[in-house]
Every structure is written in structure tokens, then in C-alpha cells.
Amino acid sequence: MPGLTLPGRYLLHDGYAHRNRPSHRPAHHPGDCRIMNTFLVVGAGPSGLGSAVALARCTSARVVLIDRLPVLGGETGWDDPHIRQLAKQAAQAKVELHLGSIATRWQEKSLLLVSPLGVTWLPGNHLFYAGGRRPATTADLGITGQRPAGILPATVVEHLLTNRVILWKRPLIIGNDTWAAPLAAELRHTGSTVLGLGDVDWADERFPAGHIEVLGTRRVEGVRVHSADDVTSITCDGIVLAAHARPNRTIDGALFDDAEDVTFIQPLTVGGAPDRAAAATAAVKRWIQSQGETV
């Protein structure tokens, strides 16, 4: 019998053949009787789609893409041409989709999903988290004073403007990260007067930068900016936080860089969908190379 030796009355596996038998290699598809790795990707924006396509193309693993929204694209939007192209590539690479599911916990190589259909645990060998970026919060920025309504992160303001929800006449944009200039243009297009702090070229009115104190009880009424030389009072009816991009992480067990069996795909310095997808693809390929032949 090939691959077997016969000492006395018993058939024993040949050592090399046994170690390299099919069940010890990753499977190419679920039905070929071999162990198959499953890679989970959370976030179906450009970074998540780029990660999923790269994993499906470069490994023999099953790849599952998960997002809380019922459509692909994340904040970029499902109708973006680059998202449509990535979605087509994902379909061709046989990436499985779990849309409309919120990932809440990563524990012992299983991901807890909550959806309208119920609560389930999805097993996986490795989690790739592509949850995007968020602006620094008021706490991150050391902003003091009142906590009235009308203080919103840039990502929320983007969503509101996309849906034609206009809440401000004199919004103050705090920060100058990649969200600031496009949002200023959109706000100006709605008839708002855009305020900014420091040397920014997208604001209609500019004021000195410094420590910010929020004024207002139920809604934002203005801010005081404390600089080294003076205190400047600014009247505004909303505050947009658009400073210092931070990784947006919401899954218990996958919050910190050293989380076990987790790779974070969250480029902070690139803006457009093509750049984010390309950065994700490069990060996944580096991870694959670091794993040798185990994937």
C-alpha cells in the first residue's frame, strides 16, 4: 500500500507521507476534505474590500466580509465607481458577505455578530479589522466648557450632508485633517458661513488657535479660544470635529494593537477610496508574507 510500511502485523503510516497528507494543508474549497482557514474581515469600505479581495486572491482560505450596513462601501457609498469595481472583484474571488451584521466581540477565534436575524458566533482563524478612521473627540483635544447639542464628528456631518440634512448657519470646524476642506466646501454650498481656527485656507472667517471652551446650554452658542496673549469669543451654532485622525475600533477583544489573532487595516494618512484600498492590499500581502506557508 503506497505511503505505508508493514512492521510485523500492523500497517503504519510512512512518516513523511503522513505529515504531508491532504488534511494537513489548507483547502482550496470547502469540499476537498482538507482543513480550510477562515479569515474574517470587518468593515466593507475601501480598506475592508481591498483586504478581502487580496486575501481571497492570495490565499486558499475562505474569506468572509462583514459590515453593519446592508450594502458595501462604508462611508464612501455603495455607488462610488471604485467601490463597484472592488465589489465585482470580491464576487469574482468568491468572498462571502455578511452585511447588516454588527460585530461586537472577538473571543477565542470566534466573532460575535448581532443582526435582525439573531445573534451568532462566526468562527475564524484570523480577524482583519478595517473599521476606518474617526476624528479626535472633545476629550482627545482637551476641549472644556459645556456639553450642549451640536458638537459632531466630521464623519457624522458628512453623512448628514449627503442626506441633505442642514443644521448650521455658522459652523466652526476644529482641526485641519482630510475631512476639513471638503466639508467646508459642502457647508458653504448650503449657504453656511464656515469658521476655522489658525492658518487654514478653507474658512470664510479665521480666528486664532488655542484652548477651546464651549459655550451654550441646550445647543452650541459659541466658543472662547484661550491663546497665550488673549481670549477670543466666537459666535457659532455648531462645531465640527475634524482633527487628528484616530483608528475607529468598536469590537471587544479587538481594541488594541496587540490583540491576539487580529490585524488592523486602518490607514490614517490616505484619503481617497483607491488609496485606502491599495494600502489595505499592501498590508494584507505583508501579513501573508510574514506567515510563510501557513495560509
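All residue numbers in this chain count up from 1 along the given sequence. Just so it is clear, the values below take in all heavy atoms, side chains as well, and ignore hydrogens, waters and symmetry mates.
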Check residues 73-82 and write down every donor-acceptor pair under 3.5 Å in which the side-chain atom is one partner and the other belongs to a residue at least two apart or another chain.
unit_1 : atom_1 : unit_2 : atom_2 : d
Thr76  : OG1    : Arg276 : NH2    : 2.8
Asp80  : OD2    : His82  : N      : 2.9
Asp80  : OD2    : Ile83  : N      : 3.3

>> What verdict does the side-chain contact (heavy atoms from CB on, under 4.5 Å) test give for Thr138 and Arg147, after you've listed the backbone C-alpha separation in whole Å, the side-chain angles of each residue and the deciding distance to 0.1 Å?
In response: CA-CA 10 Å; Thr138 53; Arg147 292 291 183 266; 4.1 Å; yes
> Cluster question for you: counting only ILVMFWY and a side-chain heavy-atom cut-off of under 4.5 Å, with indirect links fine, are Val284 and Leu65 together?
Replying inline: yes
>> Could you check whether any side-chain heavy atom of Thr232 comes within less than 4.5 Å of a side-chain heavy atom of Arg224, counting everything from C-beta outward?
In response: no
>> Would you compute the distance between atom OG1 of Thr263 and atom CG of Asp261 and round it to the nearest 0.5 angstrom?
In response: 8.5 Å
>> Starting from Ile66, can I reach Val71 by hopping between I/L/V/M/F/W/Y residues whose side chains sit under 4.5 Å apart?
In response: no
> Leu215, Ile212: one ILVMFWY side-chain cluster at the under-4.5 Å cut-off?
Replying inline: no
> For the residue pair Val220 and Gly238, what are the closest heavy atoms and their distance?
Replying inline: CG1-N, 4.0 Å
>> Under the criterion side-chain contact (heavy atoms from CB on, under 4.5 Å), I'd like the reasoning laid out for Leu112 against Val119: C-alpha separation, chi angles, the key distance, then a yes or no.
In response: CA-CA 7 Å; Leu112 183 63; Val119 178; 3.5 Å; yes
> Under the criterion side chain to side chain contact (heavy atoms under 4.5 Å, CB included), which of Val223, Val225, Leu195 is the partner of Phe207?
Replying inline: Leu195
> For Thr178 and Arg133, does a side-chain donor sit closer than 3.5 Å to a side-chain acceptor?
Replying inline: yes
> Is there side-chain contact between Val214 and Thr144, with heavy atoms separated by less than 4.5 Å?
Replying inline: no
> Using the ring of each side chain (for Trp, its six-membered ring), is His226 parallel, tilted or perpendicular to His211, with breaks at 30° and 60°?
Replying inline: tilted
> Using links of under 4.5 Å between side-chain heavy atoms of ILVMFWY residues, direct or through other members, which residues join Val231 in one cluster?
Replying inline: none
> Of Lys169, Arg170, Arg188, which meets salt bridge (charged side-chain N to carboxylate O under 4.0 Å, His left out) against Asp204?
Replying inline: Arg188
>> To the nearest 0.5 Å, what is the distance between CG on Leu49 and NZ on Lys88?
In response: 15.0 Å
> Which side-chain hydrogen bond (donor to acceptor under 3.5 Å, both in side chains) pairs, counting each pair once, include a residue from residues 103-121, with sequence neighbours left out?
Replying inline: Arg105-Gln107, Arg105-Asp252
> What is the distance from atom NZ of Lys285 to atom OG of Ser51, rounded to the nearest 0.5 Å?
Replying inline: 12.0 Å
>> Less than 4.5 Å apart, side chain to side chain, heavy atoms only: is that true for Arg218 and Pro148?
In response: no
>> Check whether Gln266 reaches the backbone of Gly132 with its side chain - one donor and one acceptor, N or O, closer than 3.5 Å.
In response: yes
> Are the side chain of Arg219 and the backbone N or O of Gly216 linked by a donor-acceptor pair below 3.5 Å?
Replying inline: no
>> Are the side chains of Ile251 and Val262 in contact, using a 4.5 Å heavy-atom criterion?
In response: no
>> List the residues meeting ring-ring contact (aromatic ring centres under 6.0 Å, His included) with His98, not counting sequence neighbours, and say none if there are none.
In response: none
>> Between Glu186 and Glu158, is there a side-chain heavy-atom distance shorter than 4.5 Å?
In response: no
>> Regarding Asp140 and Arg246, does a basic nitrogen lie under 4.0 Å from an acidic carboxylate oxygen?
In response: yes
> How many angstroms lie between atom CG of Leu122 and atom CG of Leu111, to the nearest 0.5 angstrom?
Replying inline: 6.5 Å
>> Within the 4.5 Å heavy-atom criterion, are Val64 and Phe39 side-chain neighbours or not?
In response: no
>> If the condition is side-chain contact (heavy atoms from CB on, under 4.5 Å), which residues does Asp257 pass it with, not counting sequence neighbours?
In response: Arg249, Phe264
> Of all heavy-atom pairs between Ile288 and Ala54, which one has the smallest distance, and what is that distance?
Replying inline: CD1-O, 4.5 Å
> Does Tyr129 reach the main-chain N or O of Thr250 with its side chain, forming a donor-acceptor pair under 3.5 Å?
Replying inline: yes
>> Just checking Glu260: does its CD atom have more than 12 heavy atoms from other residues, nucleotides or ligands closer to it than 6.0 angstrom?
In response: no
>> I'd like to check Ile143 versus Leu241 (side-chain heavy atoms, cut-off strictly below 4.5 Å). Are they in contact?
In response: yes
> When you measure from the side chain of Asn125 to the backbone N and O of Thr38, does any donor-acceptor pair fall under 3.5 Å?
Replying inline: yes
> Which atom names give the shortest non-hydrogen contact between Ile174 and Leu141, and what distance separates them?
Replying inline: CG2-CD1, 4.2 Å
> Can you say whether the rings of Trp287 and His126 are parallel (under 30°), tilted (30 to 60°) or perpendicular (over 60°)?
Replying inline: tilted
>> For Arg134 versus Thr137, what's the shortest heavy-atom pair and its separation?
In response: NH1-CG2, 3.6 Å
> Taking all non-hydrogen atoms of both residues, which atom of Ala209 and which atom of Leu197 are closest, and how far apart?
Replying inline: CA-CB, 4.3 Å
>> Using every non-hydrogen atom in the two residues, find where Ala44 and Leu72 come nearest and quote the distance to one decimal.
In response: CB-CD2, 3.7 Å
> Tell me, do Leu69 and Leu99 make a side-chain contact under 4.5 Å, heavy atoms counted?
Replying inline: no
> Under 4.5 Å between side-chain heavy atoms, hopping through other hydrophobics if needed: is there a path connecting Val42 to Val63?
Replying inline: no
> Could you state the interatomic distance from OG (Ser233) to CD (Glu213), rounded to the nearest 0.5 Å?
Replying inline: 9.0 Å
> So Asn163 and His159, side-chain contact (heavy atoms from CB on, under 4.5 Å) or not? Walk me through it.
Replying inline: CA-CA 6 Å; Asn163 289 278; His159 178 72; 3.3 Å; yes
> Linking Ile, Leu, Val, Met, Phe, Trp and Tyr by side-chain heavy atoms under 4.5 Å, what else ends up with Val240?
Replying inline: Leu152, Val156, Val157, Leu160, Leu161, Val165, Leu167, Trp168, Ile173, Trp179, Leu183, Leu187, Val194, Val200, Trp202
